[in-house]
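What follows is one structure encoded as C-alpha cells, with my remarks underneath.
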2 protein chains.
Amino acid sequence: MSLEEFFEPESMAVVGASKTVGKVGNTVLKNLEEKFNGKIYPVNPKYDEINGLECYESVENIEEVPDNVVIAVPAKIANKVVKQCVELEVPTITMLTSGYEEIGERGEELQEELEGYLEDSSTRMIGPNCLGIWDGHSGIDSMFLPGYKIEEPSKGGIALISQSGAVGSAVLDRAASEGVGISKFVSYGNQLDVSETELIEYLEKDENTDAVAVYMEGAKDGRNFLEKTREISKEMPVVVLKAGKTEKGSEAAESHTGSLAGNYRVYRGAFSQAGVVEAEKNEELIDYAKTLAKLEKPGGNRVAVVTNGGGFGVLSTDSIEKTSLELAEFSEETTEKLEESMKDYGNVSNPLDLIGDATPEDYKKALDVISEAEEVDMILVISLMQTEQMGSEFVDILEDIKNNSDKPVVGSTLGGDYTELHKTYLEEAGIPMFSYPEEAVKSLEKLFRYHEWKDKRS
Amino acid sequence: MSLEEFFEPESMAVVGASKTVGKVGNTVLKNLEEKFNGKIYPVNPKYDEINGLECYESVENIEEVPDNVVIAVPAKIANKVVKQCVELEVPTITMLTSGYEEIGERGEELQEELEGYLEDSSTRMIGPNCLGIWDGHSGIDSMFLPGYKIEEPSKGGIALISQSGAVGSAVLDRAASEGVGISKFVSYGNQLDVSETELIEYLEKDENTDAVAVYMEGAKDGRNFLEKTREISKEMPVVVLKAGKTEKGSEAAESHTGSLAGNYRVYRGAFSQAGVVEAEKNEELIDYAKTLAKLEKPGGNRVAVVTNGGGFGVLSTDSIEKTSLELAEFSEETTEKLEESMKDYGNVSNPLDLIGDATPEDYKKALDVISEAEEVDMILVISLMQTEQMGSEFVDILEDIKNNSDKPVVGSTLGGDYTELHKTYLEEAGIPMFSYPEEAVKSLEKLFRYHEWKDKRS
C-alpha cells in the first residue's frame, strides 16, 4: 500500500475533536481548518458541531470513509477506534495517542492489541505515540502544537522525519525560523506499522523532496533500513542523527520510544557503507540536509573563502584544515584578476580578506573572479553584516553569484536581529547559511564526501 | 598606568569626526552622543560644529586635555595626531585606524613610528587596527558600527575582548540578542601598547566583571599571558578561543593581525596548566563564559536532567556520557518523592521525562524535589516550549528554583521566535540557556573542571 493518503488525503477525520482550548483534539482541528482544503470530519459523541463543522458520534457515522483518521483519544478508546477504522477499511491512521510500549508493560498489551487489528488489514498507521504530520503542499497539519508557538515552515526540499516528536518539532520550528524550506514533517513515534524505512522510500519518490533528515533512536529493522538506504542514497541524500549512542543513552532510548538503540559502532559503520550522512550533533541534522538538498556536486575538495573579517578567515582556515577539504591555491591568473578588482585592498590570498570596509560590490568583484577560477571547487562567503558598508543589496549579489556559478556556494554570518534577518533572506534565496564558518565547512565536507560515495556506487 | 580612562573617561575627543553618514568618525560620534554623559569634542579642521557640538581644528585646540582620544583618520595623519596627544599627555588613545603591521611591510614602518612616540610617554593606546570599546556602565561606545545593525547588550558580568574586531563584534551582537549580559567589550587589534594580558588584569579588578571571554590569534607575550592568567584564574574565569591552531590557520593569522599564532599544542598545554578555560569553537566562547560567570561551584559532577521531551533526554544522556560528568542516580528517597509528585507520569528515572503534556507546575514539583536531593550536584532543565501546556509562567518557576537552590541550574530549549523569546527571558533571569542539550552539558563540564582546577591551586 502506498502512503499517499497520509500526505494527500481528500478527507480527514479527527477523533477526539474538542471545543476545549488546550486539548489535543482542539489544536489539531484548528490547525487543519486553517490549512487543509479537503473535507474535515470532527468526531466526538459529546458535540453536534465544532467551529461550525458537523461533529460525528463515531467514525462509522461519517457518510464516507475518510482517507486519513487522526486519533487523539486515550489509548483504551483509541484501540476501539482503530478496530472500527480497520473494519471500514480506512486507508490511513495518524495515531497521536500515547501510552503504548513506550511506557513499559502496561502499554505493551495495548500495543499488541493494536497490532492484531492492523495485521492483514489494508489500513496503514503512523504512530502511535507520535506528534503528527505536516505537509506544506497539501495543507496537512495534524500536529498538536498551537500555531503561535511554532513557526510555519516555507515550502522547500527537506523532509524531516523523527522518532521523537519533541526533537522533531523543535528542529522543525528552528528550521522554519531560519528560512529553511521543508517539504514534509513526520513524527513517526513507535512505528508499530509504518517504519522510518518505508517513509524514506516514499520520500525518495516525492517530487518535492530533495533530501531526508532523520532523528532516530533505533531502526525498526536495522538490516532493512540499511539495505534500503544503500539504494536510496544513490538517488537522494539521507541524513541521520542517531541518538542513544552510549550505553546509558541507549537505555534512555528504550524507556523513551521503547526502541532498542543497538550498538552504535555497528550503526556507524553501516551508515558509512550505505552512504547515509551522519549528523553527530543535533544542529548538524538540518545543516547537512539543507546543504545536500540545495547544492550540486562539487568538482573537487578545494574551497575558496571570501570574508570582510580577517578573524573569520583564520577560524575557517582552521576548520578546513581539520577536514578532508583543502584551501584552494589561487592561480597566477586568478591572483592577477583579484589584484585588479581589489585595487589597494592588501594582499590576495585565500581566505581572501576584503577588510572591514568592503561593500557588497567589492564582494561581487571578487566573487565574479573566484566563481570562474578552475582551481576552486566550492565557495564559502563570510560576511559581517554589522558594518556601515554592508546591506540588503548583498543578498541580491550573492544570489546572483550562486545562480551564475556551477560551484556550490555557502554563507556564514553571525549576529543579532539585523544579521539574522539577512541570513534568512540568503537562506531563502537558496544559499545554505550558517552562523559559524566551522558549520559551513563541515557541511561542505559532507557534500563532497556524499558525492564521492555516490560516484563510487553508480 | 591604570587603564581606567579607557573605560571611565570624563571627556572624549573624536579625531576624524564627520558629518558624512557612513564615515567611521560619523558613526562613532553618533554612538557617543547617544550614550556617553561626559564631554565630547569632535575634531576635524573642515567643520566648526557637528550635530550641534563645537568642532575643533586639532586636539591641541581643545580647552582641556581629554581623558580619551578616539582616532579615526588615515594612518599617516593618525601618527601625527598620536604625536600631539603624547605631547599633551592625553591619558588614553583608542586607535581605530588600520594600515599598520597587519598589512605587512608598508604598515610596519608606520607602526614603528607610533611605537617611538608612545615609548617613555604616559599615554596608553588600545589598537591600532581595532574596532573600539563598549562599556554599558559608563556609556562608552567608540565602535564604528551603526546602532541599528548591532544590538545593545544588557549590562552583565561578561567582559569580551577580541583581537579580531569582526569576530568580537559579531559575538557581542549575538550575545546581546540572546540576553547575555556584558560588562565591557574591547577590540584590541594590534596591541601595540595595551596587551590582552593587561586588559585581563584590569578586568579581574573590575567589579562589574565576573568572567572574561577572549578571542585570540597570538598572545603579545605568551609567557607573560600564561604567568598572569595562572594567577587571575584563581579569582576569575578566563575563557579563550584560540584561532590559528593549524599551520595554515596560523599563516592566515599572521596576515590578519600580524601576530604569530605559535604552536597550538604549546598553547593548549599551557592553557590547561594556567586554568584557562578553552573554547574549541566559536559558539563555546560565550557559552562557557556565561556559565562560569553566572553559576557557583557545583558540589560534584552528578547531573540531573528534567525534560518534557524524551528525545532530548536521550541526547543529553549521550552528551553526559561523553564528558567527565555523570548522570545522578536518584536515591530511594528522591525516587519516592518524585513518584508522589508525578502521580501516574510513568517511570521515575534520570533523565526525568515529564512527558509532552507537562505543565510548568509539573516542572516545579519535580525540581523542588531534585534541588533538595543530596545525590544531585547540577541540574539541566530541558523544555519544549511549543506545547499547549508550556508558557511564560515557566520563566518565573525556573527563576525561583534557581534562586532557592544551591545547585547550578542551566536550561536548554530549541525553536523559533516563541521559544527564543522565552530563552532570552530565562537567560536574563540568570539561567545560562542553550539551544541544544549538548552545549549545556559541555558548559556544565567546564564549570565543574574549572572549579576542580581552582580547588587544587588555592
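Residue numbers start from 1 in every chain, and the chains themselves are labelled A, B, ... in the order their sequence lines are given, proteins ahead of strands. Atom set for the values below is all heavy atoms of this structure, side chains included, hydrogens, waters and symmetry mates excluded. Note that the structure is predicted; figures quoted are calculated from it, not measured.
Both the backbone and the side chain of B:E283 come within contact range of chain A, with heavy atoms under 4.5 Å apart. Interface residue B:Q386: backbone and side-chain heavy atoms are both found under 4.5 Å from chain A. Residue A:L241 touches chain B through its side chain alone, counting heavy-atom pairs closer than 4.5 Å. Only the side chain of A:L384 comes within contact range of chain B, with at least one heavy atom under 4.5 Å from a heavy atom of that chain. In this structure, no portion of B:E178 lies under 4.5 Å from any heavy atom of chain A. Both the backbone and the side chain of B:V171 come within less than 4.5 Å of a heavy atom of chain A.
With sequence neighbours excluded, no residue forms a ring pair (Phe, Tyr, Trp, His ring centres under 6.0 Å) with A:Y436.
In terms of heavy-atom pairs under 4.5 Å with chain B, the best-connected choice from A:S435, A:P146, A:G309, A:S177 is A:P146. Of the residues considered (B:T387, B:I150, B:N350), B:T387 shows the highest number of contacts with chain A, using heavy-atom pairs under 4.5 Å. If you tally non-hydrogen atom pairs under 4.5 Å between each of B:Y148, B:Y215, B:F312, B:F144 and chain A, the highest count goes to B:F312. The residue among A:S164, A:A252, A:G416 with the most heavy atom pairs within less than 4.5 Å of chain B is A:G416. By number of non-hydrogen pairs under 4.5 angstrom with chain A, the leading residue of B:M385, B:K281, B:Q389 is B:K281. For the set A:D173, A:T307, A:N26, A:T317, the count of heavy-atom pairs under 4.5 angstrom toward chain B peaks at A:D173. Of the listed residues (A:K23, A:E438, A:M143, A:H422), the one with the most heavy-atom contacts under 4.5 Å to chain B is A:E438. Contact tally against chain A (heavy-atom pairs below 4.5 Å) for B:A175, B:S169, B:A166, B:G168: the top residue is B:A166.
Here CG of B:L145 is found 8.0 Å from CD of A:E388. Values are rounded to the nearest 0.5 Å. Within the model, atoms OG of A:S319 and CG of B:N282 stand 9.0 Å from one another, a figure rounded to the nearest 0.5 Å. The NZ atom of B:K248 sits 12.5 Å away from the OG atom of A:S316 when rounded to the nearest 0.5 Å.
Listed here is the closest heavy atom pair of A:E217 and B:V314: OE2-CG2, 3.6 Å.
A donor-acceptor contact shorter than 3.5 Å is absent between the side chain of B:K149 and the backbone of A:T419. Side chain of B:D318 to main chain of A:T246: a donor-acceptor pair is present (N/O by atom type, distance under 3.5 Å, no hydrogens or angles).
Taking the charged nitrogens against the carboxylate oxygens, B:E420 and A:R174 do have a contact shorter than 4.0 Å, which makes a salt bridge.
Within 6.0 Å of CD in B:E247 there are 12 or fewer heavy atoms belonging to other residues, nucleotides or ligands.
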